[in-house]
Amino acid sequence: MKSICFYSGYTGDSFNGINYQSKNIYGSEKNLIHLCKHLSKYYKIYILVWNLKSKNEEIIHDNIYYIDCYNYDTIPSIDILIINRYLNFFIHFINKAKKTFVWVQDLIGHSGYQGIHFDKQGKKFLINIDPIIDKYIVLSKFHQEYFNAFYENKIHQDKINIIGNGLLKNKSIDFHKINQKRIKKRFMFCSEPVRGLTFFLDFIEELQKEDNEISACIFRSNNYTEQIFKKIKKIKNITVYNTSNQQILFDEFLKSEFLLYTCNFLETFCNIALEAQYHGCICIYNSYGALKETIQDRGLILEGHPTDNNFIEKNTLKVKSFIDNEQEKNRLQSDGYNYANQQY
């Protein structure tokens, strides 16, 4: 059986296939784990994670070997190495794989190394090591275009493959029962706070001025600033979660009517937009980065960027009109579910 070794790079916490739900990790690591579950049927899978050994967290789970990075040399042979984001693999280790892929995920190859970043965000570094890279995996057409432009079109196009993230189905959802727990006029935001939470809170505050049925749900309170906590105090009917496991998130997707993503971050794909659509939570979003590819016309597109003057005032009327349009909501919910259900 051939082997694949994934390098997870630097993560908020060490993790393995049993404890990752309670760890400070994000979409790229969760995508990695669930992809490996499928690949383990056909390959011997290793995932390199920093600091597992010191916490006695090196395990074999679902036929996946979770190995501390310091034990890299104990892996007898590697047919394919897949580097998840971080280019610093080539500083930490000697590459012994027969083929090497870089799963980009961020806009560009991640240049972080022990608290610093490579010069020019690692542009010259990646161009220099490009001859030993067999494939690059990007997540969307937007991502490919951004990647090419940043590296000055010096990466051969035959090496770049677009493979969007798949849907994690925690359980199958019957579309005919998808609204059993739905709370009308409930809006949620579950991305990193720096990716637009302040704009979300301002938007909800404005909507609640004329409609006291509007409620909200937000996540990742462990990362909130004092400014965000002050804004939360102005919002009525708001549920606040710490960084929570995926089951809580999925339950909230089934409760909330809308995912309002006032995004100021260039998403390369956006897992939560796909997950929201599968759970019948209608996306309201501004077209930025790859969001228009992941959601397209299966959601309500806001005008402009959240930092624009009068962004909220300009879009409030549009949202108010939309939340009372049952026919359009039903169409978008159905289209979103059907699309997401095919991305497994």
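Computed from a prediction, not measured in an experiment: that's the story for all the values here.
- Closest non-hydrogen pair, S14 versus V49, comes out as CA-CG1, 4.0 Å.
- Note: I82 CD1 to S8 OG = 13.0 Å, rounded to the nearest 0.5 Å.
- Within a 6.0 Å radius of NZ in K234, other residues, nucleotides and ligands contribute 12 heavy atoms or fewer.
- Among Y46, Y65, F89, Y7, the single residue meeting the ring pair (Phe, Tyr, Trp, His ring centres under 6.0 Å) criterion with Y72 is F89.
- With sequence neighbours left out, N24 forms a side chain to side chain donor-acceptor pair (under 3.5 Å) with Y26.
- Residues satisfying the salt bridge (charged side-chain N to carboxylate O under 4.0 Å, His left out) test with D211, not counting sequence neighbours, are K185.
- A pairwise comparison of heavy atoms in I75 and I78 identifies CG2-CG1, 3.8 Å as the closest pair.
- Separation of atoms CG (L266) and CG (L107) is listed at 5.5 Å; rounding is to 0.5 Å.
- With a 6.0 Å radius and a threshold of 12 heavy atoms from other residues, nucleotides or ligands, I94 has its CD1 atom at or below the threshold.
- Below 30°, between 30° and 60°, or above 60°: for Y86 and Y10 the angle between ring planes is between 30° and 60°, a tilted geometry.
- Checked against salt bridge (charged side-chain N to carboxylate O under 4.0 Å, His left out), E328 has the following partners two or more places apart in sequence or in another chain: R331.
- Contacts classified as ring pair (Phe, Tyr, Trp, His ring centres under 6.0 Å) and involving residues 193-212 (residues at least two apart or in different chains) are given here: F189-F200.
- Listed by first and then second residue, the side chain to side chain donor-acceptor pair (under 3.5 Å) pairs involving residues 292-305 are Q277-R298, H305-T307 (not counting sequence neighbours).
- For K123, the side chain to side chain donor-acceptor pair (under 3.5 Å) criterion is met by E152, not counting sequence neighbours.
- Here K329 pairs with E257, E326 under the salt bridge (charged side-chain N to carboxylate O under 4.0 Å, His left out) rule; sequence neighbours left out.
- Taken from CD in E205 to CD1 in I214, the straight-line distance is 13.0 Å, to the nearest 0.5 Å.
- For residues 311-323, the set of pairs meeting the salt bridge (Lys or Arg N to Asp or Glu O under 4.0 Å) definition, not counting sequence neighbours, comprises E210-K320.
- Between H61 and Y66, a ring centre-to-centre spacing not shorter than 6.0 Å is recorded.
- A pairwise comparison of heavy atoms in N16 and I33 identifies O-CD1, 4.5 Å as the closest pair.
- The environment of F93 atom CZ is dense: over 12 non-hydrogen atoms of other residues, nucleotides or ligands sit within 6.0 angstrom.
- Contact record, V240 with S221: CG1-CB, 3.6 Å, taken as the closest heavy-atom pair.
- Partners of E192 by salt bridge (charged side-chain N to carboxylate O under 4.0 Å, His left out), not counting sequence neighbours, listed by chain and number: R220.
- Surrounding NZ of K96 are more than 12 heavy atoms belonging to other residues, nucleotides or ligands, all under 6.0 Å away.
- P131 and N128 get closest at one heavy-atom pair: CD-O, 3.3 Å.
- The ring of H279 has its center no closer than 6.0 angstrom to the ring center of Y337.
- Under the salt bridge (Lys or Arg N to Asp or Glu O under 4.0 Å) criterion, the residue pairs touching residues 73-84 are D79-K98, with sequence neighbours excluded.
- Applying the side chain to side chain donor-acceptor pair (under 3.5 Å) test to pairs two or more places apart or on separate chains, those with a residue in residues 224-233 are D202-K231.
- Counting only residues at least two apart or in different chains, salt bridge (Lys or Arg N to Asp or Glu O under 4.0 Å) contacts with residues 2-25 comprise K23-E57.
- With a 6.0 Å radius and a threshold of 12 heavy atoms from other residues, nucleotides or ligands, N222 has its CG atom above the threshold.
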Inset, instruction - I would like to know whether L139 and I163 meet side-chain contact (heavy atoms from CB on, under 4.5 Å); could you show each step before the answer? - result: CA-CA 5 Å; L139 306 182; I163 304 176; 6.0 Å; no
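- Aromatic ring centroids of Y136 and W103 lie 6.0 Å or more apart.
- In this structure, K159 and I133 approach most closely via the heavy-atom pair NZ-O, 2.8 Å.
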Inset, instruction - Let me see the working for K181 and D251 under salt bridge (charged side-chain N to carboxylate O under 4.0 Å, His left out), right down to the final yes or no. - result: CA-CA 9 Å; K181 299 179 181 179; D251 287 345; 5.2 Å; no
